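Taking it in order: structure first as structure tokens, then the write-up.
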Number of protein chains: 2
Amino acid sequence: MGNKNISMAVIRRLPKYYRYLADLLSRDIQRISSKELSEIIGFTASQIRQDLNNFGGFGQQGYGYNVEALHREIGKILGLDRKYRAVLVGAGNLGQALTNYSGFKNAGFNIEAVFDANPKMIGLKIRDYEIMDSDNIESFVSNNDIDIAILCIPKNGAQAVADKLVSSGVRGIWNFAPIDLEVPSEVIVENVNLTESLFTLSYLMKESDDQL
Amino acid sequence: MGNKNISMAVIRRLPKYYRYLADLLSRDIQRISSKELSEIIGFTASQIRQDLNNFGGFGQQGYGYNVEALHREIGKILGLDRKYRAVLVGAGNLGQALTNYSGFKNAGFNIEAVFDANPKMIGLKIRDYEIMDSDNIESFVSNNDIDIAILCIPKNGAQAVADKLVSSGVRGIWNFAPIDLEVPSEVIVENVNLTESLFTLSYLMKESDDQL
DNA sequence: TAGATTGTTAATCGATTAACAATC
DNA sequence: TAGATTGTTAATCGATTAACAATC
């Protein structure tokens, strides 16, 4: 359904369209042309029209795009109208921050449980969640129809935990562990690698320094 | 110096080379061919050779690459041998997690101070840092040769804080605020947008669901 | 020396941009 | 209707892959 093999380059621009359209909406702007949008979002008008037309003809000749309708449609394309049940594994600093992250709601993700392997953490509370023992991940995931796991553990244990998650039925992983997980091809992994981002910043700073 | 206009695609692969080479090093592997590396890292051998040759001829015909030397060279290319002085702005959940993030050391980034605008936070301690009042950002940054800021605040105040940072001398921003900051062209901004990452995961999950 | 593997040029592929007929 | 702007095809640009001579 839907798909006609959209490239990742296009997919990664969709959230940005969604964000800018939400902003326009909050400023009560009702219509926008690809040219106007191009000026605020920084893509070419041509690229905007190409991108959107991968998913349908949302615009109208001579008029442009209806902001509200386009925002809603992109939300649907992104699957934001769907509900996913998630667990968070690794209740360290980052795990705690993500447990409190308000963005999950907009994406339709609901955290059903938080796990940690450290006995000192088990039983403690983060928000409404009592931290559970990582030994119980498999039974919890299979008994609670969990779709997605948020992985915030050090790289050493990460592959083993991912294996347990996948074998218990998880179909997607938001991976903060600095490792390329090996999973079956049908399982989706979205990586957030802070080190890679930081190193990229370091490279760009160095180049900028050397320019002088 | 150095540069001959390297594309971002290449730059973003460098940290991954660095990480895999560190791993090989920890396993006492001393040499590797582009073909072998291609099998573990998942890029083509051709791409690996192209990428590396942007920066110099690090290999040797008939032998391959010396793991230790290549790792060291890529570290230098990434600027990991340089020291940068940083401040962290926004001591909420994410800011606290990043204050404790061990990865800064490897990148040569040192956090010199942590700021927050919330009066209830000011004076509290995170690790060794006593949280300072955001009102003091400008004087601190200009008096302490700060190069980089880590921005972990909500999107509403983010542009104003970025303006203050830049006018006080910050040349790079690791930006976690979900907004595209406007800064002078010589200032480097590296974005980590969790919402965009999460929405991408949502899209891929939806597509995967609909495949069935 | 013979075999292996790089560095580098050429070919291919995919993504972006330009152009314009269709149409609101 | 005339003007504006889309949807879409064609042209361009850039990145990846293939090929192979150079060389260790």
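Order of the sequence lines sets the chain letters (A, B, ...), proteins ahead of strands, with each chain counted from 1. On a predicted model such as this, the values are computed, not experimentally measured, just so you know.
- Here the nucleotide nearest the side chain of B:N53, chosen from C:dT8, D:dT5, D:dC24, is C:dT8.
- Of the candidates B:R12, B:K16, B:R19, B:R19 is the only one forming a side-chain hydrogen bond (donor to acceptor under 3.5 Å, both in side chains) with A:E196.
- Note on B:Q47: a side-chain N or O is less than 4.0 Å away from OP1 or OP2 of D:dT16.
- Between the CZ atom of A:F55 and the P atom of D:dT6 there is a distance of 18 Å, given to the nearest Å.
- Side chain A:Q50 to base C:dT17: a donor-acceptor pair is found below 3.5 Å.
- OP1 or OP2 of D:dT16 lies within a sub-4.0 Å distance of a side-chain N or O belonging to B:R13.
- Among the protein residues, A:F58 comes within range of the sugar-phosphate backbone only, with heavy atoms under 4.0 Å from sugar or phosphate atoms but none that close to a base.
- Side chains of B:N100 and B:Q96: a donor-acceptor N/O pair is absent below 3.5 angstrom, by distance only.
- Under the 3.5 Å distance criterion, with hydrogens and angles disregarded, no donor-acceptor pair is assigned to the side chains of A:T99 and A:R127.
- For the pair A:Q60 CD and C:dT23 C1', the computed distance is 9 Å after rounding to whole Å.
- Relative ring orientation between B:W174 and B:F104 is described as perpendicular, the plane-to-plane angle rising above 60° on a 0-90° scale split at 30° and 60°.
- Phosphate contact (OP1/OP2 of C:dT6, side-chain N/O of B:S34, threshold under 4.0 Å): present.
- Remark: B:T44 is in phosphate contact with D:dT17, judged by side-chain N or O atoms under 4.0 Å from OP1 or OP2.
- Comparing B:G57 and A:A9 by the nucleotide of DNA chain C whose heavy atom lies nearest to each, the residue mapping closer to the 5' end is B:G57.
- Judged by Watson-Crick or G-U wobble contacts below 3.5 Å, the nucleotide C:dA21 has D:dT6 as its partner.
- Atom CE of A:M8 is separated from atom C1' of C:dT16 by 18 Å (rounded to the nearest Å).
- Distance, A:N66 CG to D:dT5 P: 15 Å, rounded to whole Å.
- For A:Y65, no side-chain nitrogen or oxygen approaches OP1 or OP2 of D:dA4 to under 4.0 Å.
- Using a 30° and 60° split on the angle between ring planes, A:H71 and A:Y18 fall in the parallel class, below 30°.
- Within the nucleic acid shown, A:S46 comes within 4.0 Å of at least one base atom, counting heavy atoms only.
- Dashed line: the shortest gap from a side-chain N or O of B:R49 to OP1 or OP2 of C:dG7 is not under 4.0 Å.
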